[in-house]
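Below, chains carry the letters A, B, ... as their sequence lines are ordered, and counting in each starts from 1.
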Amino acid sequence: MSFLKEIRPLGERRNYSELLDLSSGDPHRGGIKPITFVRQVLAACFCPALLEDDSLPLDVKQRAKSLLRECDGGSVGSYTESSGIAKIKHCVSQFITRRDGGVPSSPDNIFIMSGSKTALMIILKLLIRSEDSCRTGVLIPVPTYASITMILEEEGAAIIPYHLCEEQGWTLQLEELHRVLQAARKTCNPVAFYICNPGNPTGHLQSRESIEEVIRFAAEERLFLLADEVYQSCVYGDNAEFYSYKKVLSEMGSNISSTVELASFNSASKGFMGECGFRGGYVELVNLDPAVMKYARTLFSTRSCPPVAGQIALDLMADPPKPGDPSFPTFSEEVQSIKNTIRKNTGRIQEVFAELPGISCQPLKAGFFVFPSLHFPPKAIKWAEKRQMEPDMLYCLHLLEETGLHVKPGCEYGQRKDSHHIRLFVGTQENIMEDALQRLKTFHTRFMKEFS
Amino acid sequence: MNANVKKVDYAVRGPIVQRAVQIEKELKEGVKKPFEEVIKANIGDAHAMGQRPITFFRQVMALCTYPELLDDNKFPEDAKNRARRILQSCGGNSIGAYTTSQGIDCVRHDVANYIQRRDGGIPSDPDNIYLTTGASDGIVTILKLLTAGEGRTRTGVMISIPQYPLYSASIAELGAVQVSYYLNEEKCWSLDISELQRALQAAREHCNPRVLCIINPGNPTGQVQSRQCIEDVIRFAAKENLFLMADEVYQDNVYAEGCKFHSFKKVLFEMGPEYSSKVELASFHSTSKCYMGECGFRGGYMEVINMDADVKAQLTKLVSVRLCPPAPGQALMDLVVNSPQPGEPSYQTFMKERTAVLSALAEKAKLTEEILNTVPGISCNPVQGAMYSFPRITLPERAINEAKAKGQAPDMFYCMKLLEETGICLVPGSGFGQREGTYHFRMTILPPTDKLKIMLNKLKEFHQKFTQQYS
């Protein structure tokens, strides 16, 4: 079928039997199975009658019991402290300390929320003075996922985009940061700097030096750092290592480490947990003025409390089964299997893309997505212009129509002019990824041929 | 920092609760006090006070979470069927997948069916149903949607005095204008249209009143509005072009003789197309109250009626920003609106549990009113519904002065002393709003009956002592 015809009307027979949705970062939707230990503990917490059951392992029962003891009335149906159950915040703070090789973390600086985005919105509320004649500005990367832009617009912030450098693997360039900041100061009051590491959609993993650069930049320019680190446990590239902003900050000399204000976000939605629907997220606040912390607490308290199921998911993420625990063998097998799947998927993606003309990708190291560049022939650009649509949007629409594969176009994330991308989720079952790649390959080959 | 944030106040979890938490810690550490435990009668949390969850609900939740249990013959078939149905609607058949921002399809259908049944057949469109993270989330979202303008055209939001402080806090945070209308304490906290009119007139001088919030059954007052009153409010909203927000989270909590819950939607539609096709209404419900008490699941929904299509598109966009409400809360909401039916295996147990909870609450509502009214200086209106009493307390002049010298609201001063001396944690009336020169406190009726009796009697003792001490 020629692309020059209109999109086929709904209801017509298609040559695929089901849609493949690789558009959102949702592992379970992609066929990845939940972690057994997590689901067993949650089920026992929901229905404590299960604690009498022989079917559940001992460590599951013990964990469920210890969590229920922290709930008022022994029920997950009770409200909790607004910032989360104390013991769970403690558990999260210990997770952070372990992760950061001993850098202290206080439960008092941790706020659990219904998903990390809710936490981000509250921090932004604290920072953004929309009443001022001079708008509060927040620096955000391009590309970045659409929710961030929407949240900032909703809060009345001025958006200050800084471009990531695709040719160098989507790295941050200090000159670019300085350039946009200088320009922005003419029209708004920049107060915060947002970065997602590992990146969404780019999958970029910041080097330690890059993180230090950003921290120094924030210190010099007095910017509040918003470090979205929800993909911190999705690192699969060879020799790739995640550095947390908190750890790097702590090692940068007391002038900086005790003054730069930082909010870092994590979530039970990503990584091996993939429990997106449970809405478990947290923010750790570093170096905030105690007076401001007081207001932060009040703001958080008006949200009642985060869903208890999400809090439990965070506890299990922060303190999973250890060697020697009855559930450990199954747990570690399941986690390893997910890691292998993602490695295999990204490997296959790179293989398939290498064979295809007009599609290229920066090295894949981390995160949940790949963000390959599409090099459209001029005919394709003209075709899109005629239809008054972004070329990658039109590409994705046709991809969906023709093959049933749903991915997101780069225009939804922001990109340099005349560049085009698509975003694919990598956290699916291997056979689903293979199917997706075949569909993409078929479509892309035909597309490039037709517009050559 | 954002200046609006400084104005935000939420008494239910405010300083008195913080002190209560501190005292609990001290008790745990072995510090000696004139009491053994803190009784948290400040927050409408039924399970915290010992109310048991509904067995059926928790069974289905366990089945949804760990579907291997579908092979376990200890779970009844109707629970399994509900679980299968919910899971089929979830991505990857997992309750851990994101759902659509508006909420799981089959749940919204079930909610619409529930509303239709409840309202005697008046149709409800699933497309008008938004599942939310507790009712609070829906309320804040609608307020956000409707707040606009600057200076004299800034949106005014009418809310009762007394009110549940989520409203005042959200209005402050959004920079909207609070337009207070006083409920009539002498007439059992009823709503007078003339008072609504007065408040509206006055507000029009300095803002653009666009929204009218009603909590029915009331929080903190417990008042259950008569059908006539609801009709009058609807007529008023129609005449003055106000968006009605009907907070109906306590719709099953009705105890008093002669009182009945009338949903705003039902009354609206029974008033004929002159009203039902024009008045904009959002009504809110939740899994946190009624007989369920499942606060921690953060389940809720709102139904929007007669919303302009463009505005509704904005609403849909607004809710998409946070991705989706917690899936377990959505599943639980499904069970609330799709509970066991006669003939199903779980029906008997379900009804028994539900009835036990609601009748215990009715008993405690009566008990609270009776005992408090035996205390000189305390006057309690009948607790017609919801979960709280909001009695008026007479404070001696000296106490009022001492409080003011400390920079404390007199009823806060009273409640703090009560906490320190008896371990009973209540919320002072100043946190909810009250007529100038009057003082109240809000106390839940949730503790188990025996404990409630003890608590009420301790309160009686304290009040008498306090009155004497400061006379």
Side-chain angles (χ1 to χ4, degrees), chain A residues 21 24 26 28-32 34 39-40 42-44 46-50 53 55 71-73 75-82 114-115 117-118 121 125-131 147 150-151 154 269 273-279 292 295 298-299 301-310, chain B residues 1-6 8-10 13-14 21 40 43 45-53 58-59 61-63 65-66 69 72 74 90-92 94-99 133-134 136 144 166 169-170 173 175 292-298 317-318 320-329:
Chain A
D21 191 352
S24 77
D26 190 339
H28 296 186
R29 186 176 288 272
I32 303 275
R39 292 308 187 84
Q40 287 175 330
L42 280 163
F46 288 161
C47 191
L50 285 169
D53 229 53
S55 61
C71 299
D72 284 345
S75 163
V76 296
S78 295
Y79 284 120
T80 73
E81 286 292 309
S82 312
S114 181
K117 263 188 214 64
T118 307
M121 285 171 81
K125 254 190 219 298
L126 219 49
L127 297 172
I128 295 168
R129 302 163 62 113
S130 51
E131 305 282 292
S147 296
M150 282 172 78
I151 290 172
E154 208 185 293
S269 301
M273 299 282 293
E275 297 288 9
C276 313
F278 279 89
R279 318 310 294 118
V292 177
Y295 289 114
T298 307
L299 254 190
S301 81
T302 61
R303 264 67 175 169
S304 180
C305 73
V308 179
Chain B
M1 201 188 82
N2 183 347
N4 285 341
V5 172
K6 293 189 182 175
V8 173
D9 213 354
Y10 185 58
R13 287 173 180 261
V21 170
K40 296 228 211 58
I43 191 167
D45 187 344
H47 292 194
M49 290 287 113
Q51 183 177 304
R52 313 299 300 144
R58 295 305 191 84
Q59 287 174 330
M61 291 312 301
L63 289 162
T65 302
Y66 187 50
L69 295 171
D72 188 329
K74 278 190 229 71
C90 296
S94 163
I95 206 166
Y98 284 121
T99 75
T133 305
S136 302
K144 197 180 267 193
L166 169 72
S170 306
E173 199 185 300
M292 303 81 73
E294 297 286 11
C295 314
F297 277 88
R298 317 307 299 119
K317 189 170 145 213
L318 248 189
S320 73
V321 173
R322 242 166 316 154
L323 299 181
C324 73

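- Going from atom CG of Leu69(B) over to atom CD of Gln59(B) covers 10.5 Å, rounded to the nearest 0.5 Å.
- Across Gly73(A), Ala43(A), Ser78(A), the residue that shares the most heavy-atom pairs under 4.5 angstrom with chain B is Ser78(A).
- Residue Leu63(B) does not touch chain A at all, counting heavy-atom pairs closer than 4.5 Å.
- In this structure, chain A has a heavy atom under 4.5 Å from the side chain of Glu173(B), while its backbone stays farther away.
- Both the backbone and the side chain of Pro307(A) come within contact range of chain B, judged by heavy atoms closer than 4.5 Å.
- Comparing Leu126(A), Leu42(A), Val308(A), Thr298(A) by how many heavy-atom pairs each has under 4.5 Å with chain B, the most go to Leu126(A).
- In this structure, chain B has a heavy atom under 4.5 Å from the side chain of Leu50(A), while its backbone stays farther away.
- Comparing Gly293(B), Pro325(B), Ala327(B), Cys295(B) by how many heavy-atom pairs each has under 4.5 Å with chain A, the most go to Cys295(B).
- Both the backbone and the side chain of Arg29(A) come within less than 4.5 Å of a heavy atom in chain B.
- Heavy atoms of Leu166(B) lying under 4.5 Å from chain A belong exclusively to its side chain.
- Heavy atoms only, all atoms of each residue included: Ser147(A) and Leu323(B) are closest at OG-CD2, 4.4 Å.
- Ranked by heavy-atom pairs under 4.5 Å with chain B, the first of Glu154(A), Lys117(A), Glu81(A) is Glu154(A).
- Atoms CE and CG, on Met150(A) and Leu318(B) in that order, are 7.5 Å from each other to the nearest 0.5 Å.
- Residue Asp45(B) holds its CG atom at 9.5 Å from CD of Gln51(B), rounded to the nearest 0.5 Å.
- Taking chain B as the reference chain and counting heavy-atom pairs below 4.5 Å, the highest number among Cys305(A), Gly277(A), Ser82(A), Ala309(A) is found for Gly277(A).
- Across Lys74(B), Lys144(B), Met61(B), Arg58(B), the residue that shares the most heavy-atom pairs under 4.5 angstrom with chain A is Arg58(B).
- The CZ atom of Arg322(B) sits 7.5 Å away from atom OG of Ser114(A), with the distance rounded to the nearest 0.5 Å.
- With a 4.5 Å cut-off on side-chain heavy atoms, His28(A) and Cys90(B) do not count as touching.
- A donor-acceptor contact shorter than 3.5 Å links the side chain of Arg279(A) to the backbone of Cys324(B).
- A side-chain donor-acceptor contact under 3.5 Å links His47(B) to the backbone of Met292(B).
- When heavy atoms are compared at a cutoff of 4.5 Å, Met121(A) approaches chain B solely by way of its side chain, counted from C-beta outward.
- Side-chain contact check for Pro53(B) versus Phe46(A): every heavy-atom pair is 4.5 Å or farther apart.
- With a 4.5 Å cut-off on non-hydrogen atoms, Asp53(A) touches chain B through its side chain but not through its backbone.
- Between Val76(A) and Phe297(B), the closest side-chain pair of non-hydrogen atoms falls below 4.5 Å.
- The contact between Lys317(B) and chain A is made by backbone and side chain atoms together, counting heavy-atom distances below 4.5 Å.
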